[in-house]
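A short worksheet on the structure shown next.
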Amino acid sequence: MSSRAATERLHERVLEWYSTAARDLPWRTDDATPWGIFVSEVMLQQTPVARVLPVWVEWMRRWPTPTDLAAQPPGEAVRAWGRLGYPRRALRLHAAAVAITERFDGAVPSTEAELSTLPGVGTYTAAAVATFAFGERTTVVDTNVRRVLARAVTGDAYAAPSPTRAELETAAALVPLEADRARTWSVAVMELGALVCSSRSPRCDACPIRALCAWRLAGSPAHEGPPRRGQAWEGTDRQMRGALLRVLRESDGPVSRERIEAVSSLALQRERCLDSLVADGLVEPLARGFYQLPGAREAS
DNA sequence: CACGCGTGGTA
DNA sequence: TTACCAAGCGT
């Protein structure tokens, strides 16, 4: 319900703050390529910047273009993914590189609609790449944006579990009209959420919009409703899949069934997870009970 | 639409 | 120490 003048004040304060507080990240430099930005966005899905940085640098060194990556077997992408987590992203990134090479002549597509057709590219990533790599004026909504707007505009301590229609309309209404300003606004709000308006302990004293923040003005009320439950971990298939894939990733050649079985004595779960990794295309079964990352060449 | 999917740092 | 959390996506 903010007036145009209030919106303008919000823009000015956030953009001014960003001009001095923004981190120097390699995918934000002027010479960052659309491919580099694309790779960074996929790596940053649910993974912190600090962990992404060294892996991104290595990927750019090895595969400076989508075609370079597409020429490799998918297992190479999975191995180079290291410990970023959610390794299916590596597989989808490889598949996206193949699609870009085959369907877009090796050039990362520039529109949100075309980007959305690529594997591993959802609503957020399509908007982010269209905006940050190509300057398309669109609405970028990630978890940071949702939290910042929940507090500053709506006055809630946290955003809803999943984005609501009203939330997306609020975000869209706040995007500056001019494309270049819109791009900076999007990255600035994300940065504000990452550095200042954090989930656990927001640093309101350092916030450029504390004087305009609805949550702050309401006395920073605690979150209402049931506590959001985190993901279970101990004993989950996710944990087992991670342990299994780690053995494959850190092994040069094919891995014997014996080494697979040494990962865990829980045979039922272990085999279920191995099967699911094969079904996902993350693991390739070979003859005589050996396994390897998909498409990996035989070590000589 | 709710759930499954990795990993490691931090309050 | 132990939950919580980090630029989501696909089914």
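Because the structure is a prediction, the values reported are computed rather than measured. In what follows, chains are A, B, ... by sequence order, proteins preceding strands, each numbered from 1.
- When both distances must be under 3.5 Å, the Watson-Crick or G-U wobble mate of B:dC5 is C:dG8.
- Heavy atoms of A:P119 sit under 4.0 angstrom from primed sugar atoms or phosphate atoms, though from no base atom.
- Across all strands, A:D280 comes closer than 4.0 Å to no nucleic acid atom at all (heavy-atom distances).
- Heavy atoms of A:T123 sit under 4.0 angstrom from primed sugar atoms or phosphate atoms, though from no base atom.
- Looking at A:E136 and A:T111, their side chains never bring a donor and an acceptor atom within 3.5 Å of each other.
- Within the nucleic acid shown, A:Q239 has no heavy atom closer than 4.0 Å to any nucleic acid atom.
- At a threshold of 4.0 angstrom between heavy atoms, the contacts of A:W81 with the nucleic acid are absent.
- Considering only side-chain atoms of A:R83, the nucleotide from B:dG6, B:dG8, B:dG9 that sits closest is B:dG8.
- Nucleic acid contact for A:L245: none, since no nucleic acid atom lies under 4.0 Å from a heavy atom of the residue.
- Residue A:R272 is out of contact with every strand shown, counting any heavy-atom pair closer than 4.0 Å.
- In this pair, A:F38 and A:W35 present their aromatic rings parallel. The plane angle is below 30°, not in the 30 to 60° band.
- Counting non-hydrogen atoms under 4.0 angstrom, A:G85 reaches a base of the nucleic acid.
- A:L25 comes within 4.0 angstrom of a nucleotide base, judged by non-hydrogen atoms across all strands.
- Looking at the side chain of A:R200, the nearest of the listed nucleotides C:dA6, B:dA11, B:dC5 is B:dA11.
- When heavy atoms are screened at a 4.0 angstrom cut-off, A:S199 is found touching the sugar-phosphate backbone but no base atom.
- Heavy atoms of A:S40 sit nowhere under 4.0 angstrom from any nucleic acid atom.
- Within the 4.0 angstrom heavy-atom criterion, only backbone atoms of the sugar-phosphate kind lie near A:R147; the bases stay farther away.
- At a threshold of 4.0 angstrom between heavy atoms, the contacts of A:S162 with the nucleic acid are absent.
- Contact check on A:D205 versus A:R216 returns a salt bridge, with a Lys/Arg side-chain nitrogen under 4.0 Å from an Asp/Glu carboxylate oxygen.
- Note on A:R51: a base of the nucleic acid sits closer than 4.0 angstrom, heavy atoms only.
- Contact annotation: A:Q45 does not reach the phosphate of C:dG8 (side-chain N/O to OP1 or OP2, under 4.0 Å).
- Remark: A:R241 is in phosphate contact with B:dG6, judged by side-chain N or O atoms under 4.0 Å from OP1 or OP2.
- Taking every side-chain heavy atom of A:S201 into account, B:dA11 is the closest of B:dG6, C:dA7, B:dA11.
- Per the geometry, CD belonging to A:Q231 stands 15 Å off P belonging to B:dG8, to the nearest Å.
- A:S276 and A:R241 share a side-chain donor-acceptor pair at under 3.5 Å.
- For the residue pair A:Y124 / A:Q45, no side-chain donor-acceptor distance below 3.5 Å is found, with atom types taken as modelled.
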